[in-house]
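Read through the structure below, which is laid out as structure tokens, and then see the notes.
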Amino acid sequence: MKPVCDMSMDRVCKTIRQYNKEPVSETDMGRLLEIAADYGKVKNYVYARFGGIASLSKLYPGYTVQNEMTASGFRETLGMPSVYFYLAVFDALGDIKCQWTRTKTKILKLLNQNEGFSEEDKHYLRFLMRVNNAFGEVLNQKPVELPKAVQKQYEKVAAQVDTERLHKYLCRQVRKHHVKLHTDRADGFTIAERAYRYADHGIYISIKEKRKRVFVPLTDNNRYQSQIYIKLFPEKRSVELQVPIHVTVQSHMDYLRQVGVAAGLYTMLTTDEGNCYGEELGKYQIAYADWIREQTGSYNRNRNENPGRKKYYAKKKRYEEGLHSYINRELNRFLREEKPRVIYLVKLPKPRAGGGNKKINHSMAQWQRGYIRKRLEQKCREHSVVIVEVLGKDISRECSECGELGKKAEGEFVCPACGYRTEEKVNTARNVKKRGQGDGRLNPRGEYSPR
């Protein structure tokens, strides 16, 4: 067991949002949308040209891609300023690298589950996926040639297996699971510092016309120096500026408690002392899931009539924004009232397999567990709070008083061995805290130290 959040850093990154004070004119919105459309075209060009196995050797560090894109003449064809063109190139390049990481992760997962391979076979395949040059050469059916020190290690591992058989397996899996990316979005773009200027209670944004900028008045006078993502909402004639900034970590002298937490679908967090946060989460999620289920059925019934989805996506976004706003408020309240130094948290469960009750399945599918975990981790980083994961096997069935297995019924836990009776989530949270404290401690400086 180890802390999830490392508090050794004095600064953390967070996203600040700025908004337009007045509606953007249709002319200026059209100019910004033109940049967004070109930004998407550049990304799709990079996806198509460099997203396959033949370009694996060009992805790191990426300057080969940059040079080839410069020589392609695509920027001149679009008439796109270089400040946007190269940001789009490297944005797409990052997406391609992430896609290859997802492909490798999927293959590794399948490899670990494959009982037809020996440990030597698995070790060899893991070696190929860990060494980028070897991975690319195998997929392109070329001899594996590596730096001298790594080559000796490769030859030693390869001597123990049937390399031809394993190379064919790896190629099949990549063809099956790797997907070339494509985007149809044209509602935003990234902008570098030299393409914007804060002034006159707003921001001046460079456009495709030389020496001209679009002015957008803002609701605040804050000024930042970093790459900004500009999100466009043409139907509302508004923009949203997403600014990544580094903020100083806050250290609270009164945050001293160690808190065990159980996460739930209907009540977001329950502590080992029985305090509940996000008790209306279930109501929000059920309303959202019911609406999704109703809209999906309606869309499927009228698919031949080509029903539009614009209103659907707009309302879906409003549901999500309301849900996320509630989650953040309750997480802030949790930290403010509990004042934790360490939070012990069991790993959130994976989605359940589909069962007979479709309504429950929809609710489970819309459970915001990933968002809750991400926001909790971010807020803990900002407030110098340590999150420690604990193993979750039988943690809800174990009695927090005597350790024997008990029974759960209608949200209550009962232990037949000692007679202990309490709310189910409280029992789980107490077990989480016990397991966490049993595997680590706080040193005199208040830092978590695994045993």
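All values reported here derive from a predicted model rather than from experimental measurement.
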For [X] and [Y], test the side chains for any donor-to-acceptor distance below 3.5 angstrom and give the result as yes or no.
X    : Y    : answer
S400 : N431 : no
T267 : K425 : no
Q99  : R102 : yes
E338 : N275 : yes
Y47  : D95  : yes
E320 : H324 : no
Q227 : Y196 : no
R126 : N112 : yes

Parallel, tilted or perpendicular: rings of [Y] and [X] (30°, 60°):
X    : Y    : value
H252 : H383 : parallel
F90  : Y63  : perpendicular
F117 : Y169 : perpendicular

Just wondering, do [Y] and [X] contact through their side chains at under 4.5 Å, heavy atoms?
X    : Y    : answer
V390 : L345 : no
C276 : L269 : no
L376 : I387 : yes
T270 : V261 : no

More than 12 heavy atoms of other residues, nucleotides or ligands under 6.0 Å from [atom1] of [X]: yes or no?
X    : atom1 : result
Q225 : CD    : no
K180 : NZ    : yes
K122 : NZ    : yes
E235 : CD    : yes
K168 : NZ    : no
Q113 : CD    : yes

Point to revise | side-chain hydrogen bond (donor to acceptor under 3.5 Å, both in side chains) between Q258 and Y344, worked out | key: CA-CA 8 Å; Q258 299 186 49; Y344 299 105; 2.4 Å; yes
Any carboxylate oxygen within less than 4.0 angstrom of a Lys/Arg side-chain nitrogen, looking at [X] and [Y]?
X    : Y    : result
E377 : K374 : no
K408 : E412 : no
R329 : E280 : no
D121 : R165 : yes
R430 : E401 : yes
E398 : R435 : yes
R11  : E382 : no
E330 : R333 : yes

Practice item. Using the side chain to side chain contact (heavy atoms under 4.5 Å, CB included) rule, take H167 and Y124 through it: C-alpha gap first, then chi angles, then the decisive distance, then the call. Key: CA-CA 10 Å; H167 290 181; Y124 177 74; 2.6 Å; yes
Exercise for review: Show your reasoning for whether side chain to side chain contact (heavy atoms under 4.5 Å, CB included) applies to R381 and V249.
Suggested key: CA-CA 7 Å; R381 290 189 189 99; V249 171; 5.9 Å; no
Point to revise | E240/Q242 under side-chain hydrogen bond (donor to acceptor under 3.5 Å, both in side chains): CA gap, chis, key distance, verdict | key: CA-CA 6 Å; E240 177 185 276; Q242 300 175 8; 2.8 Å; yes
Review point. Can you name the one residue among N328, V12, V385 that meets side-chain contact (heavy atoms from CB on, under 4.5 Å) with K379?
Key: N328
Practice item. Look at the side chain of N140 and the backbone N and O of I53, then say whether any donor-acceptor pair between them is shorter than 3.5 Å. Key: yes
**Study point:** Stepwise side chain to side chain contact (heavy atoms under 4.5 Å, CB included) test for F334 and M268
**Key:** CA-CA 10 Å; F334 165 72; M268 183 169 67; over 6 Å; no
Point to revise | Test of ring centre spacing under 6.0 Å for Y84 and Y39 | key: no
Review point. What do you reckon, are the aromatic ring centroids of Y319 and Y284 less than 6.0 Å apart?
Key: no
Exercise for review: Would you check, one step at a time, whether the test side chain to side chain contact (heavy atoms under 4.5 Å, CB included) holds for R17 with L241?
Suggested key: CA-CA 5 Å; R17 288 172 168 78; L241 277 58; over 6 Å; no
Practice item. Report the C-alpha separation of Q18 and Y198 in whole Å, then their side-chain angles, then the decisive distance to 0.1 Å, and conclude whether the side-chain hydrogen bond (donor to acceptor under 3.5 Å, both in side chains) test is met. Key: CA-CA 12 Å; Q18 293 181 291; Y198 283 102; 2.6 Å; yes
Revision key, fill the gap. Rounding to 0.5 Å, atoms CD1 (I16) and CG (D220) come to a distance of 9.5 Å
Practice item. Kindly confirm or rule out a cation-pi arrangement of K104 over F135, judged by NZ or CZ under 6.0 Å from the six-membered ring centre and within 45° of its axis? Key: yes
